[in-house]
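FYI, side chains are in, hydrogens and waters are out, and symmetry mates aren't considered; it's all heavy atoms of this structure. Residue numbering restarts at 1 for every chain, and letters A, B, ... go by the order of the sequence lines.
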Amino acid sequence: MQVEAGREFTIIPRLDKPSTYKDHQFKGADEEWFALLGKSATLYVGNLSFYTTEEQIYELFSKCGEIKRVIMGLDRNNKTPCGFCFVEYYTHECALKCLKYVNGTKVDDRIIRTDLDPGFKEGRQYGRGRSGGQVRDEYRQEYDEGRGGWGHIRARQEAERRRHQEEHYEPITTIPAGASHGVHSRLGPPVLSRGKRGFNGEQGIQESPVKRNRDVDEDMGNI
Amino acid sequence: MQGRFGGGRAEIDEFGRQRRHNYHNHGRKPYERSGGRSGPYRNPRGGGRGGRNDAGAAAAGDASADVEKRLSTLIAKVGDKAGDELRSNLDALSGVIQRDYSKFPDLILKTLRQCVLEFPWKVTIYGTLLGLINSKSYDTGATIVNSIYATLNQKLEFKDWSSVKVLLRFFAVLVSANAINSTTMISIYNHILKPISENANNGGGAAPQQSEYMDNLVYVVLSTLPWAGKQLQLNLPEELERLMGVISTYVDGRRSVFPSKITHIFDNEPSSVDGLTWLKKFVSVLPRNEWNLNTIVTPYDLFENELSQAMQHSFPPLTLPPPQNSNGSNMDSTGLESAGSGGYNESPSALAYFRIPRPTIQIFDYDPKLKIQRFIIQDLITDSLNQLDYNRKECARCVLGIHLLCLPNVAKAVQDTQPNTANPTGAAAGRENADGGDDDQAVQIKGSSEIGKPLVIERLIMETVLTNLLSTPSQHDHDIFLSSFAVELCKLGSDFTFHIAGSSIRLLYNRLPQMDAELINRFSDWFSTFISNFGYQWTWKDWEEDIKTQTYNAPQKTFITESISKIIRLSYFERIKQIMPQSLHQAMPPKAPGPKFKFTVDVMDDRTKAVSVAVGKCIKAKGTADQVNEILDEHYGQWDDLDDEQERTNLAREMLIQHVLLSGSKTFSHMLNAIERYMPVLQKYSAGSDAKLHIAKITEEFWILNPQMYVITLDKLLNYRVIDPITVVEAVFDAGSHLGQWNRFHYWEALHNTVQKVNLRVDQLEKRIAEARKTISGSSGGSGGDGSATKDENDMERDDNNNNDDDDDLVNVSYSQIEQYQNTLTELRQEQKNVIIKTIEKFVEQLNSMDAIVNNEQLGNVDEDITNNNGRGGGHSENADELDHWWLLGRYREFLRLYRQQIKGLAVTLDSLVFSTSSKPELRQAFEDICQFTS
């Protein structure tokens, strides 16, 4: 029933529905936002560890289908990963599969959250918190505490990883377009024009709706 | 876990999202069980969500909406648990529905329909409820029953076999609830079996036909018959016998045993591993027990008086779907099973992965007296997994409660039993011949410690999950669901649940030496994803002996090393090393996965160093493809001593690829960037198939220490068309360079990624053509509105200037577009064929040459026995060469199974091209078997 998925009434809610979140920077009506989500092959992935690599994400997410590209969310100032990313598949179905089977499972011992996203736009890879990272940065501490905190060994490892990352991490300056499928490449350029009427092209990382207000406030301050 | 995002638990879910439905009962979902079951089944971290009382919790708000919610909640929750109050609850609810039906007809209809579809294990509850409604109001009963019958018709049309099965079971129960009579049920069954009985009648000595479509028809009847058997036996014994006769003729005449054992999970399985054969055998002994299932409560027995006064409904004949698109695999979004040549399937075929379940692998002991009960419960679990795969969390919660509806002493949850008594895990003692449990004798011996004990629901669930996982042919689409589901199961259940999951993994591990090669890989993937959700906690030490003593490519040792390799990919090297006991370090790679750059300073002559430095500097400074090209030309142009232009090009190519890969070695995105930036020069150096193969080999050398990046890089080079699909096939089988390593998983990962990509391309283009056709017919019909609904991405691009387009223009564009699509499609299909043929060719070539090695070393009768023991003697060969051969043979079988639709389509070509007299008989046998199987 893939085709009708989502439209059919079910008693047990489907996990492959987009959340109620809407990017407040999206310049369009609600219906437009959800129409875009209805065919999007892109996912926002949240609650990542700062040290989670693209390859770890690739490993798990590719279980739901081929990945076109992964765009790491970066701290606006340091240009280091700040705990979220976008994963772009080739088909909408893969993204839905991911919502059903990967959303809410663990990567690097953290329960990750995935949500449909209308598609990556330049600028959205940066954190929009005051410090340059994600606004909910402080909550990460709370979460770790809620899990009993890291053990000593783990803490040392994390420090070592941090050191390693600081020495070796090099952010990419140009986001790759990702290969189009053979079909596309033979029939013209990849279709990247989604959301033409969408965003202003600036910022716009998703946050949990609970925190959205705070997000808005802070970002308004920044703009 | 909760509270991590701040805020109250009731308002946000565990991901910090606002709850979308705020039910009157304070966030409790309508299908959630009521307070009686607090405790381990509720998320233990779930705080005070359980056990709240509904009464008085009704929130203020729209009164009618509230009543609706309340009503649907009542319907969804009734009979979650067997107990004294069940009778009065059902009685009261049927009264409410009968009374309120006129007010909320749609709500009641759709709620009841979904309850039947989504809660398969509550079939007797909803059957009874409907019987009661029917006895109170014939009209209301008629409307509801007819509506559910219409749903059955619709699901049949979509070939949603799982839903069809669940609905048929419901109708079977309706006979006992006296809402329909036995004649009606028999006629439903007869309708479904029509193609089978017609086939049998027409046959007249001709070879009986069989197909996946017919198998499914027989399966949905046979698997639901036990639920109606008692009534049918009582009322229409002859009809029942005739029905069983039709089924028996079909099943017995059907070929289900294949000499190559191409569908076996274990190579020492008894021959009757075919799901349908086994099921027929099972059902045909039920009459001895007067069709008593004695598993789930049958509340209709409590209402004998009321129900006996009801009148019954009958239905118009069912419409059977045409058999043509019966594989349904075109809908597979991963393109895994795509037939490619199968045209476009317009009807939404649900569950592309639906397969007739095999007899469950018996992992745990059980009291053989509960054989029927074990089957029934696992059958219900299987259906629940299929029906609720869209919400793995609730699915886990639901199946963990199935035992609550069982009769006393049939099944329990693990914490209700005493885990400290002997054999707490219930491990099946003798596992050599345990499949299917159809050997009563064996079960009796094995089950000795479980005699008199109820079944343990968690064990039944784990057995079902693992049987699902290890089914052949594959259900790839389902693998990730089955890992995530098992994770939810362990999160929801008690510590004992995790313990049972662990036991089932360990017990299955013991049987790895007999397991099919593909399934070892799948089990390893499942296992690594599963434990990655539990901090990689595992009793790793248990395996140190195997690591120490086994040949490097023995099945168990391969499972361990490849699983460790997988969890390193999911996590990172240092963390896994920390977790592993010292004794397992030798099963890990010596150091963290990374690149292996060839042109390090100390191993080069001066002029090589000069090029390398120049290219390296240029790329580091983000030089253009042209600049890199110039450097290569300039330097290698001066190497006059090399007369051969080809040799210089090869050297330049290696220099280029090594440097491009190095510049992209930081992350996956860097790799994409590097390839994108140097595309023109990569293209120049990738002209011709030799050049492409060379690139693939350089890539493998570069990523020799990082299997994941090896696979990804090949995949992306393929996307950018630097290499071709055939290149990957050739690289995997390259002149036997992987000889001795056929047990490694990543070569096959690369191969299957490639085939699937090729298939996906064909699929997507077919879909596009179908859409374009629809657009044309829509716009030429004059209704512009239709056209916009089917716009593809290309149309989106034109949106801006599309406003002035008149219909004619649009049609013209689309026609030429379709022609262009069609040409491309022809090319892609040719490529698709080539890949399949080439791969089979390579497999056969390689296996033939390896047979020589194995035969030379083994002075034995390998040839004769090879189909029986897969060349591994008793399954415990420690000879590395033999094992290597076994792995490759297993991968060959995997390939045949995975792409069987395509292979069958190419059978004639393959037969003449590949399976000439020179190929080994076992290889040919497997090929013939898979073609036979794919009827």
| request: Could you tell me whether R575(B) and D109(A) make a salt bridge, using a distance below 4.0 angstrom between a side-chain N and a carboxylate O? | output: yes
| field | pair I11(A)-S72(B): side-chain heavy atoms closer than 4.5 Å | value | no
| Heavy-atom pairs under 4.5 Å with chain A, option from I675(B), L718(B), N533(B) with the top count | N533(B)
| Test item: D108(A) and S571(B) side chains (from C-beta on) under 4.5 Å apart, heavy atoms | yes
| note | Cut-off 4.5 Å, heavy atoms of chain A, and the answer for I568(B) is neither
| task | Can you tell which part of T53(A) gets under 4.5 Å to a heavy atom of chain B, answering side chain, backbone, both or neither? | result | neither
| query | Taking H670(B) for the side chain and E170(A) for the main chain, is one N or O donor matched with an acceptor at less than 3.5 Å? | reply | yes
| said: Taking side chain as everything from C-beta outward and backbone as N, CA, C, O, which of these in E54(A) sits under 4.5 Å from a heavy atom of chain B? Side chain, backbone, both or neither. | reply: side chain
| field | Closest-packed option against chain A by number of heavy-atom pairs under 4.5 Å, given V711(B), T667(B), L672(B) | value | T667(B)
| query | With side chains defined as the heavy atoms from C-beta onward, is the minimum distance between P13(A) and N391(B) less than 4.5 Å? | reply | yes
| field | Contact class of T111(B) relative to chain A, heavy atoms under 4.5 angstrom | value | both
| query | Quick one: NZ on K100(A) to OG on S484(B), what's the gap to the nearest 0.5 Å? | reply | 11.0 Å
| task | For K491(B) and I111(A), work out which heavy atoms get closest and say how close. | result | NZ-CD1, 4.3 Å
| query | Mind checking whether E59(A) and Q708(B) have side chains closer than 4.5 Å, heavy atoms only? | reply | yes
| field | Least distance between heavy atoms, E118(B) atom then I12(A) atom | value | OE1-N, 2.8 Å
| field | Y572(B) six-ring face occupied by R161(A) cation (under 6.0 Å, within 45°) | value | yes
| said: Using side-chain heavy atoms (C-beta onward) and a distance below 4.5 Å, is I480(B) in contact with F61(A)? | reply: no
| message | Nearest 0.5 angstrom please: E676(B) CD to T174(A) OG1, how far? | response | 9.0 Å
| query | Do we get K110(B) above F9(A)'s six-membered ring, with its NZ or CZ under 6.0 Å from the centre and within 45° of the axis? | reply | yes
| said: So which atom in T105(A) and which in R392(B) form the shortest heavy-atom distance, rounded to 0.1 Å? | reply: CG2-NH2, 3.6 Å
| Which atom names give the shortest non-hydrogen contact between L570(B) and Q56(A), and what distance separates them? | O-NE2, 3.1 Å
| said: Test side chain to side chain contact (heavy atoms under 4.5 Å, CB included) on F668(B) and I57(A); report intermediate values, then the result. | reply: CA-CA 10 Å; F668(B) 162 67; I57(A) 292 161; over 6 Å; no
| field | Interchain contact, C395(B) with chain A, by part (heavy-atom threshold 4.5 Å) | value | neither
| said: Does this structure show an ion pair linking K757(B) with E66(A), if we count only N-O contacts that are shorter than 4.0 Å? | reply: yes
| said: Could you report the tightest heavy-atom contact between S669(B) and P176(A), atom names first, then the distance? | reply: O-CG, 3.8 Å
| request: Without swapping roles, check the side chain of K97(A) against the backbone of F481(B) for a donor-acceptor pair under 3.5 Å. | output: no
| So L15(A) and Y390(B), side chain to side chain contact (heavy atoms under 4.5 Å, CB included) or not? Walk me through it. | CA-CA 6 Å; L15(A) 294 181; Y390(B) 59 81; over 6 Å; no
| How long is the span from the NZ atom in K716(B) to the NZ atom in K68(A), to the nearest 0.5 Å? | 10.0 Å
| query | Atom CG of D715(B) and atom OG of S62(A): how far apart are they, to the nearest 0.5 Å? | reply | 9.0 Å
| task | Apply side chain to side chain donor-acceptor pair (under 3.5 Å) to the pair Y101(A) and D479(B), showing each step before the final yes or no. | result | CA-CA 10 Å; Y101(A) 307 142; D479(B) 290 3; over 6 Å; no
| message | Quick check for you: among L117(B), N753(B), I712(B), N673(B), which has the greatest number of heavy-atom pairs under 4.5 Å with chain A? | response | N673(B)
